[in-house]
2 protein chains.
Amino acid sequence: MTVAKDDLGGVALWRRIADAIRLDIVGGKLATGDRLPTEAVLAERFSANRHTVRRALAVLSDEGVVGAEQGRGTFVRSAKRLSYPIGKRTRFTEGLAGQANTISSRTLSSRLENASAVVAKALGLKTGSKVIRNDSVSLADGVPLSRATTWLPYRRFPDFVDRIAQLHRMTAVFASYGIADYARASTRISARHADVEETKLLGLSPGAILLVSESVDVDSAGEPISYALSRFPAERMELVV
Amino acid sequence: MTVAKDDLGGVALWRRIADAIRLDIVGGKLATGDRLPTEAVLAERFSANRHTVRRALAVLSDEGVVGAEQGRGTFVRSAKRLSYPIGKRTRFTEGLAGQANTISSRTLSSRLENASAVVAKALGLKTGSKVIRNDSVSLADGVPLSRATTWLPYRRFPDFVDRIAQLHRMTAVFASYGIADYARASTRISARHADVEETKLLGLSPGAILLVSESVDVDSAGEPISYALSRFPAERMELVV
DNA sequence: ATGGATTTGTCCGTATGTATA
DNA sequence: CTATACATACGGACAAATCCA
């Protein structure tokens, strides 16, 4: 089967318009309090019907990004996006400190499993080795900011499950094992659409875009201590190198 | 107006499925030659109809990522994605050397304009200062890899337009101005859907996801020499820090 | 070589979402 | 609000190709 030439790409026009307007807002082209162009002007700009533009604005209104006021226009309500710094010494909580009042992390599950080829390679283990798999969601001021899955070598962190339940933060668990300092060995960044589970956990509308970071942390001796797959909603976060 | 609760998100299911399968392939979970799960199994996994899965596979088949064979199954045809390294010394052409046979860059337009607030801030200039704006598309082995817009201070690079027309590569133009070495001061990474123009220039289907990099390069004295907004198709590239 | 199971390919129809006018 | 056209998604039925006992 061949896809038709006039394929619209599977992304609805109202969503592309909503994404474009949101980008202008979080990207700084429109500031909080600014009035958006009229629906008629936006319709002209995007070569779309006014109803289609209204659908896009309704979504942004539901998100709290804009607010429409009858007779006056549509205004920018909030225009902020958090920045997550990535470098040699990358710490999730520290990196976001100052950008939000409260950062919290909730462990969804923490269990033992056998390393897949990808995980084993990242941690320098043999495929099938025992590894801890820790699934978590992080929130800033109550808004979900990331969905992360972290794998650690079981051999080195045998009772990780108990310790994360007590200490909550990864840095604290490492410290409890005598790892005072650790460094980011590599970070690979890609992007894709959210799946159903991520959509629910992160409170997104299906089809939202995620920034995906694949990272390996090593101790001071250069030994891999964790491999993490972190997913950030692109509409709420940006990564700063 | 409020968006219905059963909102499908504006991104077609077949596209989300195609993106998920493509990610498994380029991400290494499936190697070239591997057989994909049967359409029935995939339908079960994604809670979708077999026809919807077939639509997703048709897209991947058109892309050349997979190939279906009646009675046998669907197989991975090609499983490669380019990696673009980002660090202190980031050079576009050098970074991709070895991953493709030919890297080329085509300037779409190169002209003088007045700096917007964002551009001025990045380059340490006053809003409205004269800046060069250079729009280009880069290709690896004939496949579009990036769409970049670069701004440079006019004061320092008065005849940039002529030089880029001759030298083609940014590093070469800098060298011609006596800048032997330069460094990456900051990189901010986000993601969004491609717009109509990017879709055409990069040869993507509308709705494709772009990785967006916003970067500032400085000379050895720490003076900003360029501000670039680069857009990479997420399905062809990943960024490595 | 044959039959049956598996898997992709094609056809029908129906309901709902998207976009315009 | 209506009406229209097309895309999306589902469901079922059956044909065609492949594989294996």
Atom CZ of A/Arg15 and atom P of D/dT8: how far apart are they, to the nearest Å? 15 Å
For atom CD of A/Glu44, decide whether the heavy atoms of other residues, nucleotides or ligands shown that lie under 6.0 angstrom number more than 12. no
Between B/Arg231 and B/Thr149, do the side chains contain an N or O donor and an N or O acceptor separated by less than 3.5 Å? yes
Closest to the A/Ala12 side chain, choosing from D/dT8, C/dT18, D/dA9: C/dT18
May I have the distance from A/Asn49 (atom CG) to D/dA3 (atom C1'), rounded to whole angstrom? 14 Å
Measure across A/Gly73 and A/Arg35 and return the closest heavy-atom pair with its distance rounded to 0.1 Å. CA-CD, 4.3 Å
Could you tell me the separation between the CZ atom of A/Arg16 and the C1' atom of C/dA19, rounded to a whole number of Å? 11 Å
For B/Arg54 and D/dT8, give me the distance from atom CZ to atom P, rounded to whole Å. 16 Å
Which parts of nucleotides 13-21 of chain D does protein reach within less than 4.0 Å, heavy atoms only, written one letter per nucleotide 5' to 3' as B for base, S for sugar-phosphate only and - for none? B--BBSS--
So if I apply the side-chain hydrogen bond (donor to acceptor under 3.5 Å, both in side chains) rule between B/Glu63 and each of B/Arg22, B/Arg236, B/Arg77, which one comes out positive? B/Arg22
Centroid-centroid under 6.0 Å between A/Phe92 and A/Tyr84 rings: yes
What integer distance in Å separates B/Glu44:CD from C/dT7:P? 14 Å
Can you tell me if the side-chain N/O atoms of B/Thr74 get under 4.0 Å from OP1 or OP2 in C/dT7? no
Contact class for A/Ala48 vs. all strands (heavy atom < 4.0 Å): base, sugar-phosphate, or nothing? sugar-phosphate
Working to the nearest 0.5 angstrom, can you tell me the gap between A/Ile21 CD1 and A/Arg16 CZ? 13.5 Å
Here the distance between atom P of D/dC6 and atom CG of A/Leu13, to the nearest Å, is 17 Å
Looking only at the side chains, is there a donor atom on one of A/Asn134 and A/Thr150 sitting less than 3.5 Å from an acceptor on the other? no
Separation of D/dT8 atom C1' from B/Ile17 atom CD1, nearest Å, is 12 Å
Given C/dT20, D/dC10, C/dT8, the nucleotide with the shortest approach to the side chain of B/Thr52: D/dC10
Let me know the distance between CZ of A/Arg55 and P of C/dT20, rounded to the nearest Å. 13 Å
